[in-house]
Amino acid sequence: MTHLGYLIAGWGLSSLVILFYAVRLIKRGARLSARVPSEDARWITSSKQNGG
């Protein structure tokens, strides 16, 4: 492998690891947010924050 090959392999592997982690994190967040009851959710438009 040439120096360019090592650079491409290094950047490619790093990019794939970061992409895999990001997808896994987003999926986990979506799965966990579905478990929160709607009255306990802390969203920006929550009725509790608006004085309701």
Gap separating the CZ atom of Phe20 from the CG atom of Leu25, nearest 0.5 angstrom: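 Output value for this atom pair is 11.5 Å.
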Non-neighbouring partners of Arg35 that pass side-chain contact (heavy atoms from CB on, under 4.5 Å), sequence neighbours left out: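 With sequence neighbours excluded, Arg35 shows a side-chain contact (heavy atoms from CB on, under 4.5 Å) to Leu32, given in chain and number order.
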Would a distance-only check, ignoring hydrogens and angles, find a side-chain to backbone donor-acceptor pair under 3.5 Å from Ser33 to Ala30?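 Present.
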